Amino acid sequence: MHLLPEPVRRLAAWCTVILLASGVVYVGIRLCVEFRTAVTPVLLALLGTALLRPLYRRLVAAGVHRSLAAGLTCVAVVAVVGGAVYIVVAALIDTGDQIVASLRDAGKSLARHFGAAGTSLDDLAANSRKLLGKFGGTAASNVISGVSVVGESIAMAVLALLLVFFFLRDSHRAAETIRSIAPRGTGDTLEAMARRAFGAIEGFMRGTTVIALIDAACITAGLLILRVPGAPGLGALVFVGAYIPYLGAFLSGAVAVLVALADRGVVIALWALGVVLAVQLLEGHVLQPAIQSRTVQMHPAVVMVAITAGASVAGIVGMLLAVPLTAAAFGVAHELRTRYAATSPSPP
């Protein structure tokens with residue numbers, strides 16, 4: 001080893017560290033995937049705790065008992081989430097027939113243009129029947145597996161809600177718990193890392209919630225002015241989608257434009273598209289720099305890579321968890337870098 005030049009030895013050392021760290025991260029991800037039924041509720045509960053902690057602290061400061069304050073906070077979040085889901089589903093059901101009709105008209109228009117190439121609507125229908133007959137058994141099995149997935153999702157949601165209650169009620173004991181399980185001499189460091197990670201998650205959730213409220217209010221107002229049906233439900237969908245950066249805004253905006261196209265025609269749909277694009281420009285150039293820069297700073301490229309990685313690991317739940325967990329990792333890295341810089345000897 002001493003026969004190698006110093007730069008080569010340093011490169012080998014860094015490669016070893018990177019490989020070891022990558023192996024640990026890979027094993028950790030695989031374990032999380034294997035135990036996702038238990039890991040996912042814990043992560044969702046951490047996000048919920050970070051979002052609801054200000055309300056819980058206000059109740060405790062007002063003299064409410066910790067258990068009662070945590071219970072009232074959980075009841076409030078169930079009411080808000082349940083109401084938002086009901087509004088979105090009701091709005092989409094009311095306009096579902098119109099959306100299907102508009103898509104059917106678009107398909108007929110495409111069939112008229114490409115009918116000469118043998119792509120008529122009758123051909124597509126015949127091919128669809130063949131495919132349905134061929135893969136009917138697979139579809140039936142997918143329905144059965146889908147029912148089991150729904151049951152598993154409900155169980156994880158209930159567990160996450162219960163964990164939110166306990167995390168809120170016992171949050172004042174978190175520092176003691178971390179110090180009790182920390183190896184000797186590392187209690188302060190682990191507590192500081194945990195506080196920095198949770199602070200990053202809390203800042204991301206708080207900033208995203210403010211931005212989501214502004215986006216939803218602006219888009220709802222625009223859709224109401226355009227007299228698009230189900231505007232409150234579409235605004236609620238925009239609010240929920242804002243927790244998945246970039247992709248959530250695109251999907252919720254596309255649904256709003258599609259509903260406008262189904263009920264009001266092409267012109268109103270273009271106006272709705274203009275409203276959605278204007279709100280997204282406001283978010284990207286004004287709201288994100290003004291709000292998120294005070295809570296957590298991440299380059300958009302890092303956000304997109306994190307969302308892609310989260311989707312590949314855990315689908316929609318992975319996309320939801322990817323950015324706040326990345327923010328927590330950045331917070332821990334910043335804390336370690338600060339502590340290392342403070343304890344490292346200064347050069348002579």
Side-chain angles (χ1 to χ4, degrees), residues 51 80-81 83-96 98-103 105-106 109 203-308 311 316 319-320 322-324 327:
L51 181 61
V80 172
V81 172
V85 171
Y86 173 78
I87 293 174
V88 171
V89 173
L92 294 181
I93 289 176
D94 291 340
T95 57
Q98 297 170 344
I99 295 174
V100 172
S102 66
L103 292 177
D105 293 339
S109 177
F204 171 82
M205 296 298 293
R206 183 172 61 248
T208 302
T209 301
V210 174
I211 293 174
L213 285 173
I214 297 175
D215 287 354
C218 293
I219 290 180
T220 301
L223 295 178
L224 287 174
I225 293 174
L226 296 174
R227 291 185 296 175
V228 175
L234 295 172
L237 183 62
V238 170
F239 176 80
V240 175
Y243 286 95
I244 303 178
Y246 304 115
L247 183 60
F250 171 77
L251 293 178
S252 58
V255 172
V257 174
L258 188 59
V259 172
L261 176 64
D263 186 77
R264 302 300 309 280
V266 178
V267 176
I268 299 299
L270 291 176
W271 277 104
L273 178 61
V275 170
V276 172
L277 293 178
V279 172
Q280 295 307 316
L281 289 175
L282 174 67
E283 176 187 340
H285 292 84
V286 178
L287 299 180
Q288 288 280 0
I291 297 175
Q292 288 287 36
S293 61
R294 299 181 181 181
T295 56
V296 56
Q297 296 181 357
M298 285 191 296
H299 194 275
V302 176
V303 174
M304 288 187 286
V305 171
I307 292 174
T308 304
I316 296 178
M319 290 189 291
L320 177 65
V323 180

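Computed from a predicted structure; not experimentally measured.
The heavy-atom pair separating Gly235 from Ala216 by the smallest distance is O-CB, 3.2 Å. Across every non-hydrogen atom of Ala322 and Ala306, the tightest pair is CB-O, 3.1 Å. Nearest heavy atoms, Gly222 versus Val275: CA-CG1, 4.2 Å. The minimum heavy-atom distance between Tyr243 and Thr208, with the atom names listed, is CD2-CG2, 3.7 Å.
Under the 4.5 Å side-chain criterion, counting only non-hydrogen atoms from C-beta, Leu51 is in contact with Thr209. Counting only heavy atoms from C-beta outward, the side chains of Phe239 and Asp215 never approach each other to under 4.5 Å.
Considering CG of Leu282 and CG of Leu277, their distance stands at 12.5 Å, rounded to 0.5 Å. Of the inter-residue distances, the one linking Leu237 atom CG with Ile219 atom CD1 reads 9.5 Å to the nearest 0.5 angstrom.
Checking Val257, Leu223, Val228 one by one against Ile268, the side-chain contact (heavy atoms from CB on, under 4.5 Å) holds for a single residue, Val228.
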